[in-house]
J.: 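Structure incoming, see below.
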Amino acid sequence: MYTNNKLSKAVRLAIAFGAVSATAFTASVNAAEEEEVAKVERIEVTGSRLRSTDLQGFSPVQVIDGSDIDTSSVANIQELLLKNPAFGAPAISRTNSNFQTSSAGASTVDLRNLGTARTLVLVNGRRYVTGVPGSMAVDLNTIPAQFIERIEIMTGGASAVYGSDAVAGVVNIILKKEFEGIEFDVQYGESSEGDAEETQIQFTTGVTSANGKGNVMIHGSYTDQGAVYSKDRARSAVDIASTGAYFTGLPEDMFDVTSPYLSSYAPQGRFFTGDTQYTYNSAGELVEGWSTNGSDTREANGFNRNGARTIAIPTERYLFAGRGSYEFADGWTSFIEGTYASSQTTTQLEPFPFDTESLYPNSGGQMPIEFESFVADPLNPGSYVRNVVVNPLVPQPIVDAATDTDGDGLRDIFFSRRLADVANRGNVADRDTFRVVGGVEGEITDGWYADAYFGYGQTKESQVSSGQVNVLNFRSALEVIPDGQGGYMCRDATARAQGCVPANVYGANTLSDEAVTYIAAPGLLATFASQKYAGFNLSGEVFELPAGMVGIAFGGEYREESSIRYNKLA
């Protein structure tokens, strides 16, 4: 627009002052154009390592410009990249990692659905530390969007240049090299359902030295993305099943829905006593029989798992980044860039489905409700009398219906139960990623360029999970006998000395807080991944052919990576 205005003014001046002035102006424009052409920067094209004055190569490269990123208002780059059909479903994202045991809420990309491990993510053409320990997947949450100049996507495969982890292609994120001024951005949004609230606050500033040779940029941002729960969407509020997949097996029934299709593991428990089943109704009354999904004459006894599941994980993130460069000699620049990201995610899904087979595997899950002991016979010194006691927590109808299933002479039962008294399953994870790279780059001679660099990065994750139980403690807490004083206690004396509290599993919400404390087993997970690398590259043009210059590039890189995982039940 500026050029057009200038040209129109020049035409008006030419009409007013004659051909001489027009000729002079044309000469000045031509001179300016020649000067502008002379200043065109050579750009290294992803997948070739060769510098050229135009952004093209032998393999197709798609480019997403920084202006596109700014107008998209995305919280992280993954959201924008997934709109490109070249990308498949990501291995990990905020909306598909609620069931992950680690790395929930991370943002990865997968070109052509060939797997995250086959998609290489680079920053300024260099490797980036993994955000998922145990893999090479880069967490795009840790890369500041406002710092990005462009993103180059090479989908033709680049394994010849970058190795086997680039079989599907390369995503090369090019950061801005210079910035001067201040940029401040505040955004807020939410879904049409009134959830998934998203707040973004970003700040970027930069300054150039007085001689124009140095530049420093600093970026800081805060992002808070709210949760979306299954229960808040009509299509996912209740458990459903495909009629074709679960019942008829016919392809034409694949998309016919059976609703509800609840879980048979319910918080009130389901008790098997020989040929009879018992459960508790919504009024808390013990009833005979069971109906998972209900019928015209009976309420549903099953459990709706979608009532507790999360569709989109709430994620809170702080991100800081910086870059500095200085031209210390003609055509040679030293640089350093660093990034630090700290995020917290919270997952949630339904309570753990539990049954007694986990406690009594040798008997097929048959849990004793009677226990024998031998006491001295007062009528026959030296003899003992067998004494059998019943677990006082077991309701009398269940005791009466129970049989000796495992053949030990004592009655037993099998039960299943959703451990809603303990807690919903899920985890709270804190993840920190740090990366710093420094090096030099410049032009050796006309058309020949070199760069050398060293980088270090690390990712730490600390996670606490809930909803699990200690099966040894649970077994001790379920074997209950009278205490001789009108109450009851755990049968095992050693367990009692260790704080065993009897567990009442007969009915919903019957576990006491003390029993939950005794049987609960929060999980702890800690992971650590690090990356060290150093390398150099040399590229240039050797001779010219009719189709253009023939370029050559070569270099070397040393990379050392490690990953540690430590998990424990508290």
J.: Does any donor atom in the side chain of Ser264 or Thr292 lie under 3.5 Å from an acceptor atom in the other side chain?
T.: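 The answer is no; no qualifying pair exists.
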
J.: Quick one: side-chain hydrogen bond (donor to acceptor under 3.5 Å, both in side chains) partners of Glu560, sequence neighbours excluded?
T.: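 With neighbours one apart ignored, the set is Tyr558.
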
J.: Give me each pair satisfying salt bridge (Lys or Arg N to Asp or Glu O under 4.0 Å) with a member in residues 264-291, each pair once, sequence neighbours excluded.
T.: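 Output for this query is empty, none listed.
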
J.: What residues, two or more places apart in sequence or in another chain, satisfy side-chain hydrogen bond (donor to acceptor under 3.5 Å, both in side chains) together with Thr142?
T.: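 Partners of Thr142 by the side-chain hydrogen bond (donor to acceptor under 3.5 Å, both in side chains) criterion, ordered by chain and then number, come out as Tyr128.
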
J.: List for me each residue that meets ring-ring contact (aromatic ring centres under 6.0 Å, His included) alongside Phe434, sequence neighbours excluded, and say none if there are none.
T.: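 Expected list: none.
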
J.: Quick one: list whatever passes salt bridge (charged side-chain N to carboxylate O under 4.0 Å, His left out) with Arg118, sequence neighbours left out.
T.: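 Arg118 satisfies salt bridge (charged side-chain N to carboxylate O under 4.0 Å, His left out) with no other residue.
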
J.: Suppose we call two aromatic rings close when their centres sit under 6.0 Å apart. Are Tyr506 and Phe271 close by that rule?
T.: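 Yes, close enough.
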
J.: Can you pull the disulfide (SG to SG under 2.5 Å) pairs that have at least one residue in residues 261-296, sequence neighbours excluded?
T.: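 Every pair satisfying disulfide (SG to SG under 2.5 Å) with a residue in residues 261-296: there are none.
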
J.: Any salt bridge linking Arg491 with Glu479? Criterion: basic side-chain nitrogen under 4.0 Å from a carboxylate oxygen.
T.: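 Counted as a salt bridge, because a side-chain N and a carboxylate O are separated by less than 4.0 Å.
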
J.: Examine distances only and state if a side-chain atom of Thr310 and a backbone atom of Gln348 form a donor-acceptor pair shorter than 3.5 Å.
T.: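 Answer holds: yes.
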
J.: So, are Arg317 and Asp139 salt-bridged, with charged N and O less than 4.0 Å apart?
T.: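 So Arg317 does not pair with Asp139 through a salt bridge.
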
J.: Thr433 and Thr459: side-chain donor and acceptor closer than 3.5 Å?
T.: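 Per modelled atom types, Thr433 and Thr459 side chains form a pair under 3.5 Å.
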
J.: Restricting to pairs with a member in residues 74-98, which pass salt bridge (Lys or Arg N to Asp or Glu O under 4.0 Å), not counting sequence neighbours?
T.: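 Qualifying pairs: none.
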
J.: Is there a donor-acceptor contact under 3.5 Å from the side chain of Arg431 to the main chain of Ala104?
T.: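 Confirmed, Arg431 side chain pairs with Ala104 backbone.
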
J.: I'd like to know if the side chain of Asn301 reaches the main chain of Ser291, judged simply by a donor and an acceptor atom lying under 3.5 Å from each other, with no hydrogens or angles considered.
T.: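 A pair under 3.5 Å: yes.
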
J.: Is there any ring pair (Phe, Tyr, Trp, His ring centres under 6.0 Å) pair reaching into residues 457-504, and which pairs are they, with sequence neighbours excluded?
T.: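 Residue pairs passing ring pair (Phe, Tyr, Trp, His ring centres under 6.0 Å), neighbours aside: Phe354-Phe474.
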
J.: Only distances under 3.5 Å count here; give the side-chain donor-acceptor pairs of residues 227-235 to other protein atoms, sequence neighbours excluded, each with its distance to 0.1 Å.
T.:
unit_1 : atom_1 : unit_2 : atom_2 : d
Arg233 : NH1    : Asp195 : OD2    : 2.9
Arg233 : NH2    : Asp195 : OD1    : 2.9
Arg233 : NH2    : Asp195 : OD2    : 3.4

J.: Which residues pass the side-chain hydrogen bond (donor to acceptor under 3.5 Å, both in side chains) test with Glu193, not counting sequence neighbours?
T.: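 Not a single residue meets the side-chain hydrogen bond (donor to acceptor under 3.5 Å, both in side chains) criterion with Glu193.
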
J.: Decide whether Glu316 and Tyr222 meet the rule of one side-chain donor and one side-chain acceptor closer than 3.5 Å.
T.: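 A pair is found: one side chain offers a donor N or O, the other an acceptor, under 3.5 Å apart.
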
J.: Pairs in or reaching into residues 240-256: which pass salt bridge (Lys or Arg N to Asp or Glu O under 4.0 Å), with residues at least two apart or in two chains?
T.: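 Found none.
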
J.: Does a side chain donor of either Thr199 or Asp224 reach within less than 3.5 Å of an acceptor in the other side chain?
T.: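 Thr199 vs Asp224: no donor-acceptor pair found between side chains.
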
J.: With sequence neighbours left out, what residues match Asp432 under side-chain hydrogen bond (donor to acceptor under 3.5 Å, both in side chains)?
T.: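 Per chain and number, Asp432 pairs via side-chain hydrogen bond (donor to acceptor under 3.5 Å, both in side chains) with Tyr340, Ser342.
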
